[in-house]
Peer 1: 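Below: one structure in structure tokens.
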Amino acid sequence: MARFVDLVAVEGPDRGMRYSIEEGTYRVLARAQDDSTSTMQMTWDGARILDSEAQARADEVLGDRGRTGVTPHRARTGSRKRGPDIVLKDGSVSRTHALVFVDRDVVSVADLMSTNGTRVNGDTVRDVDLREGDVVHLGKTKLRVEAG
């Protein structure tokens, strides 16, 4: 049976929403499209196509996760399957703000060079492992990590 981790919006415009992420996948945390007249390119499974800068950062993070010995504390199960984006109705969240990974032993978040940064429990982070109860802060949104 697959393991899930939930991100629960405890603050911000999406308060009360629950987003489940399956083990072995990663998801993009993103801002909802705010211009209804523009067209957003999507993948076959409903995720946005990342611009070249965000894709380069995602590839860098995924590459680091695929190499052994880079950061020994980080799980190396190869979360390379991208699930649908988690789209937040928060204008202070970047279009492609961060990646959340659920590996066999570790849940982690990596910032994608967002404008306002990503914080966990108040500390600005670039790529960090998460524990149950941690709060990921993007813009005005706070997401609590819960075991699914």
Side-chain angles (χ1 to χ4, degrees), residues 3-35 40-43 46-148:
R3 176 179 161 233
F4 287 85
V5 170
D6 291 336
L7 296 179
V8 180
V10 294
E11 232 175 86
D14 295 290
R15 185 182 172 124
M17 293 295 296
R18 179 176 293 269
Y19 308 97
S20 292
I21 307 169
E22 184 178 3
E23 179 182 317
T25 67
Y26 69 96
R27 308 262 306 260
V28 173
L29 297 170
R31 177 183 70 227
Q33 184 67 24
D34 47 10
D35 179 8
M40 177 68 66
Q41 287 187 298
M42 305 295 278
T43 65
R48 298 178 195 197
I49 293 177
L50 301 178
D51 63 31
S52 59
E53 195 171 310
Q55 188 62 58
R57 173 71 177 123
D59 290 343
E60 174 189 338
V61 170
L62 290 167
D64 285 349
R65 287 166 190 280
R67 293 193 316 241
T68 56
V70 176
T71 45
H73 71 285
R74 190 166 314 287
R76 299 289 175 204
T77 60
S79 290
R80 295 194 185 274
K81 182 175 184 262
R82 181 176 170 194
D85 295 349
I86 296 173
V87 180
L88 304 168
K89 298 175 199 157
D90 182 345
S92 56
V93 169
S94 294
R95 280 185 310 113
T96 50
H97 198 104
L99 298 175
V100 175
F101 297 88
V102 178
D103 290 323
R104 182 179 346 106
D105 299 317
V106 172
V107 177
S108 54
V109 64
D111 187 79
L112 287 176
M113 298 180 295
S114 64
T115 303
N116 294 321
T118 301
R119 296 188 307 276
V120 174
N121 301 327
D123 296 325
T124 300
V125 300
R126 178 176 161 98
D127 188 356
V128 68
D129 294 340
L130 302 170
R131 294 184 308 266
E132 187 167 2
D134 281 348
V135 175
V136 179
H137 191 171
L138 313 107
K140 297 174 185 166
T141 300
K142 291 184 180 180
L143 303 166
R144 185 178 57 239
V145 178
E146 295 184 359

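Just so you know, residue 1 is the first one in the sequence shown, and it goes up from there. Every heavy atom of this structure was used, including side-chain atoms; hydrogens, water molecules and symmetry mates were not. Note that the coordinates shown come from a computational prediction; the quantities given were computed from them, not determined experimentally.
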Peer 1: When rounded to the nearest 0.5 angstrom, what is the spacing between NZ in Lys142 and CG in Asp134?
Peer 2: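 Reported value, rounded in 0.5 Å steps: 13.0 Å.
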Peer 1: For Thr115, does its backbone N or O pair with a side-chain atom of Ser94 as donor and acceptor, under 3.5 Å?
Peer 2: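 Yes: the side chain of Ser94 pairs with the backbone of Thr115.
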Peer 1: Donor-acceptor check, side chain of Arg27 to backbone of Ser20, threshold 3.5 angstrom: yes or no?
Peer 2: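 Here the side-chain-to-backbone pair exists.
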Peer 1: Over all heavy atoms of both residues, which pair between Leu138 and His97 is shortest? Give the atoms and the distance, please.
Peer 2: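 Scanning both residues, the minimum pair turns out to be CD2-CD2, 3.0 Å.
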Peer 1: Can you tell me how far the CZ atom of Arg18 sits from the CG atom of Leu143, to the nearest 0.5 Å?
Peer 2: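 Answer for the CZ-CG pair, Arg18 versus Leu143, is 11.5 Å.
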Peer 1: Calculate, to the nearest 0.5 Å, the distance between atoms CZ and CG belonging to Arg31 and Leu88 respectively.
Peer 2: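 That separation rounds to 11.0 Å.
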Peer 1: Any sub-3.5 Å donor-acceptor pair from Asp90's side-chain atoms to Gly139's backbone N or O?
Peer 2: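 It does not hold such a pair.
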Peer 1: Does Tyr19 form a side-chain contact (heavy atoms from CB on, under 4.5 Å) with Leu29? I'd like the steps, not just the answer.
Peer 2: CA-CA 10 Å; Tyr19 308 97; Leu29 297 170; over 6 Å; no
Peer 1: Between Asp14 (side chain only) and Lys89 (backbone N and O only), is there a donor and an acceptor less than 3.5 Å apart?
Peer 2: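 Side chain of Asp14 to backbone of Lys89: a pair is present.
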Peer 1: Taking Val10's backbone N and O only, do any of them form a donor-acceptor pair with Arg15's side chain (distance below 3.5 Å, no angle check)?
Peer 2: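 Yes, because the side chain of Arg15 sits within donor-acceptor range (under 3.5 Å) of the backbone of Val10.
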Peer 1: To the nearest 0.5 Å, what is the distance between CZ on Arg82 and CZ on Phe101?
Peer 2: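 Answer for the CZ-CZ pair, Arg82 versus Phe101, is 11.0 Å.
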Peer 1: Looking at Val136, Val93, Val128, which hits side chain to side chain contact (heavy atoms under 4.5 Å, CB included) with Thr118?
Peer 2: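 Of the listed options, the one satisfying the test is Val136.
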Peer 1: Is any side-chain heavy atom of Leu7 less than 4.5 Å from a side-chain heavy atom of Ile86?
Peer 2: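 SC-SC contact between Leu7 and Ile86 confirmed.
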Peer 1: Locate the shortest heavy-atom distance separating Ala30 from Arg95; write the atom from each residue and the value.
Peer 2: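 Shortest heavy-atom contact: CB-O, 2.9 Å.
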Peer 1: Supply the atom-to-atom distance His137 NE2 to Asp123 CG, rounded to the nearest 0.5 angstrom.
Peer 2: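 Here the rounded value is 12.5 Å.
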Peer 1: Roughly how far apart are Arg3 CZ and Glu22 CD, rounded to 0.5 Å?
Peer 2: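 Between atom CZ of Arg3 and atom CD of Glu22 there are 11.5 Å.
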Peer 1: I need the minimum non-hydrogen distance between Asn116 and Ser92, along with the two atoms involved.
Peer 2: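 Looking at all heavy atoms of both residues, the shortest contact is ND2-O, 2.8 Å.
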Peer 1: Answer yes or no: is there a donor N or O on one side and an acceptor on the other, between the side chain of Asp111 and the main chain of Ala98, under 3.5 Å?
Peer 2: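 Judged by distance alone, no pair lies under 3.5 Å.
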Peer 1: Checking Leu99 against Leu112 for the side-chain contact (heavy atoms from CB on, under 4.5 Å) test, could you report, in this order, the C-alpha distance in whole Å, the side-chain angles of both residues, the deciding distance, and whether it holds?
Peer 2: CA-CA 7 Å; Leu99 298 175; Leu112 287 176; 3.9 Å; yes
